[in-house]
Amino acid sequence: MSNADFDLFRTSEDHEALRDAVRNVADNKIAPYAAEVDATSEFPQAAYDALVASDFHAPHVPEDYDGVGADALATCIVIEEVARACASSSLIPAVNKLGSLPLILGGSDDLKRRYLPALASGAAGFSYGLSERDAGSDTASMKARAKADGDDFVLSGQKSWITNAGFSEYYTVLAVTDPEAARGKGISAFIVEKSDEGFTFGEKERKLGIKGSPTRELLFDNVRIPGDRMIGEPGTGLALALRTLDHTRVTIGAQAVGIAQGALDFALGYVKERQQFGKRIADFQGIQFMLADMAMTLEAARQMVYVAAAKSERGDADLPFFGAAAKCYASDVAMQVTTDAVQLLGGAGYTTDFPVERMMRDAKITQIYEGTNQVQRVVMARQLLAR
């Protein structure tokens with residue numbers, strides 16, 4: 001039997017060629033700016049330009065809308081490899097998918113043709129407006145309101161913690177269109193353009209990590225939205241938003257894996273060079289056990305993310321469980337691996353002279369956004385109990 005007969009469980013040659021291409025861009029055009037982006041809290045424009053030039057900024061956009069049509073696993077590999085170099089920059093492809101996926105899943109062909117080509121070309125970014133100050137995990141309690149006015153809707157309210165707010169040109173925004181409907185059933189999704197009159201942004205949040213990715217409030221002061229910018233049917237917005245998260249949580253798992261890989265790679269290089277008691281600290285068994293645990297849990301997380309990505313691409317019925325599990329497990333692993341990387345560097349790891357403290361700060365958000373890990377466990381339990 002040939003080797004091909006046993007080629008049962010590994011990524012394809014195309015996916016690994018993609019990884020090499022993204023890693024080359026990340027190592028040469030993104031990593032050199034990562035520390036400065038973190039220190040200055042400035043948007044990683046050099047990374048954006050490099051990602052656009054290589055078509056890695058929004059690889060998920062279908063070919064029908066001038067995109068490269070990357071599958072869900074390929075998109076995760078892009079995000080993983082960029083996150084290995086700079087977590088802030090990895091939010092460019094991740095949030096472009098998050099913001100536009102409701103349109104891809106639920107929008108008309110006309111609406112897709114209006115907005116996706118600009119995303120595919122790099123002329124516009126796409127963000128996602130779901131959370132509010134008092135509606136984080138409890139999304140159904142949102143207060144943003146879109147009142148019908150003739151053929152239009154008038155949008156008022158706010159959205160909180162919106163990634164790449166102010167940079168993106170387009171925003172998928174969820175708002176209540178029927179306050180009398182049953183809980184969660186009167187919410188609709190709209191595309192809001194940065195230039196819409198009455199649409200402004202709050203100040204940039206001052207954050208622990210991912211400092212190069214701007215996080216701001218979206219503020220709506222009677223913003224008039226043409227009715228043809230609603231995504232799907234009235235009242236279907238929240239279901240669409242949650243279906244979107246089933247898919248995009250996998251990309252956060254990929255981001256977490258990339259951050260953890262970057263930290264492990266750096267720590268490995270350090271312990272092989274650092275000398276104490278007359279030998280490399282890599283030769284101490286206690287250090288070796290730490291490294292083994294870091295690598296073991298990281299590989300488990302990667303496999304879980306890749307399986308979930310395949311389920312996302314196929315639209316498998318058990319995606320809600322696997323998407324939540326991949327995001328939850330990988331982000332917990334990223335937090336542990338980056339913390340251990342800081343420990344392996346000792347006092348040096350606690351300084352900004354080395355990247356692992358940044359990676360540890362960046363890892364924390366992966367346990368929080370697109371649903372806290374407590375919410376992920378609720379999602380998983382519901383899926384289990386519904387079987």
Side-chain angles (χ1 to χ4, degrees), residues 11 14-61 66-70 73-100 118-127 163-164 166-169 209-215 251-252 254-269 302 334 338 341 352-359 361-363 365-366:
T11 50
D14 286 346
H15 285 105
E16 290 307 321
L18 171 67
R19 183 192 305 283
D20 290 343
V22 182
R23 183 168 292 194
N24 183 58
V25 171
D27 285 349
N28 292 301
K29 297 185 177 180
I30 296 176
Y33 305 102
E36 181 183 2
V37 162
D38 177 70
T40 60
S41 299
E42 291 297 321
F43 182 81
Q45 189 63 48
Y48 188 81
D49 294 343
L51 290 170
V52 169
S54 50
D55 272 333
F56 296 144
H57 65 291
H60 68 287
V61 178
D66 302 337
V68 294
L73 176 56
T75 302
C76 279
I77 288 172
V78 170
I79 292 165
E80 175 189 341
E81 289 299 327
V82 176
R84 179 175 165 270
C86 175
S88 292
S89 299
S90 72
L91 282 162
I92 294 165
V95 172
N96 276 339
K97 180 168 182 176
L98 174 64
S100 63
L119 173 62
S121 73
F126 226 123
S127 289
T163 306
N164 289 349
F167 172 79
S168 292
E169 198 67 34
I210 56 164
K211 292 185 176 184
S213 177
T215 305
T251 69
I252 302 305
Q255 182 187 55
V257 166
I259 295 169
Q261 187 68 63
L264 176 59
D265 289 349
F266 192 89
L268 280 167
R302 178 177 284 113
T338 55
T352 58
D353 296 335
F354 298 91
V356 289
E357 61 83 30
R358 180 186 82 239
M359 294 167 175
R361 289 185 286 106
D362 288 342
I365 192 59
T366 65

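Residue numbers start at 1 and run along the sequence shown.
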Next on the checklist: Can you give me the closest heavy-atom contact between D66 and A120, atom names plus distance?
Outcome noted: O-CB, 3.5 Å
Next on the checklist: Measuring from atom CD1 of I365 to atom CG of L91, what distance do you get when rounded to the nearest 0.5 angstrom?
Outcome noted: 9.0 Å
Checklist entry - Take atom OH in Y33; do more than 12 heavy atoms of anything else shown fall under 6.0 Å from it? => result no
Checklist entry - Got a donor-acceptor contact below 3.5 angstrom from the N96 side chain to the F126 backbone? => result yes
Checklist entry - Could you go step by step and tell me if T352 and R358 meet the side-chain contact (heavy atoms from CB on, under 4.5 Å) rule? => result CA-CA 7 Å; T352 58; R358 180 186 82 239; over 6 Å; no
Checklist entry - Between E80 and R84, is there a salt bridge with N-O shorter than 4.0 Å? => result no
Checklist entry - Would you say the side-chain atoms of H60 pair up with the backbone N or O of A74, donor to acceptor, closer than 3.5 Å? => result no
Next on the checklist: Looking at every non-hydrogen atom in both residues, tell me the closest pair between I79 and A94 and how far apart they are.
Outcome noted: CD1-CA, 3.7 Å
Checklist entry - So, for S121 and H57, which heavy atoms are closest and what is the spacing to 0.1 Å? => result C-NE2, 3.9 Å
Next on the checklist: Working note: I259 + T338, criterion side-chain contact (heavy atoms from CB on, under 4.5 Å); need CA distance, chi angles, decisive distance, verdict.
Outcome noted: CA-CA 8 Å; I259 295 169; T338 55; 3.8 Å; yes
Checklist entry - Is a side-chain N or O of Y48 found less than 3.5 angstrom from the main chain of G122, in a donor-acceptor match? => result yes
Checklist entry - Which value, rounded to the nearest 0.5 Å, describes the distance between I77 atom CD1 and R23 atom CZ? => result 11.0 Å
Checklist entry - Which heavy atom in A87 sits nearest to a heavy atom in I210, and how many Å separate them? => result CB-CG2, 4.1 Å
Next on the checklist: Would you say that more than 12 heavy atoms from the other residues, nucleotides or ligands in this model lie under 6.0 Å from the CD of E16, or not?
Outcome noted: yes
Item to check | Side chain D38, main chain K211, donor-acceptor under 3.5 Å | outcome: no
Checklist entry - What's the spacing between I30 CD1 and I92 CD1 if we round to 0.5 Å? => result 7.0 Å
Checklist entry - Taking the inter-plane angle between the rings of F43 and F167 on a 0 to 90° scale, is it parallel (under 30°), tilted (30 to 60°) or perpendicular (over 60°)? => result parallel
Item to check | Counterpart residues, side-chain hydrogen bond (donor to acceptor under 3.5 Å, both in side chains), relative to Q45 (two or more places apart) | outcome: D49
Item to check | Nearest-0.5 Å distance, CD of residue E357 to CG of residue D362 | outcome: 9.0 Å
Next on the checklist: Pair T163, S127 - check side-chain contact (heavy atoms from CB on, under 4.5 Å), show working.
Outcome noted: CA-CA 7 Å; T163 306; S127 289; 5.6 Å; no
Item to check | Over all atoms of both residues, closest heavy-atom pair of V25 and A50 | outcome: CG1-CB, 4.0 Å
Checklist outcome for this item: Between G212 and P44, the two heavy atoms sitting closest are O-CD, 3.1 Å
Item to check | Distance, nearest 0.5 Å, that separates CG of L51 from OG of S90 | outcome: 9.5 Å
Checklist entry - Could you state the interatomic distance from CD (E81) to SG (C76), rounded to the nearest 0.5 Å? => result 12.0 Å
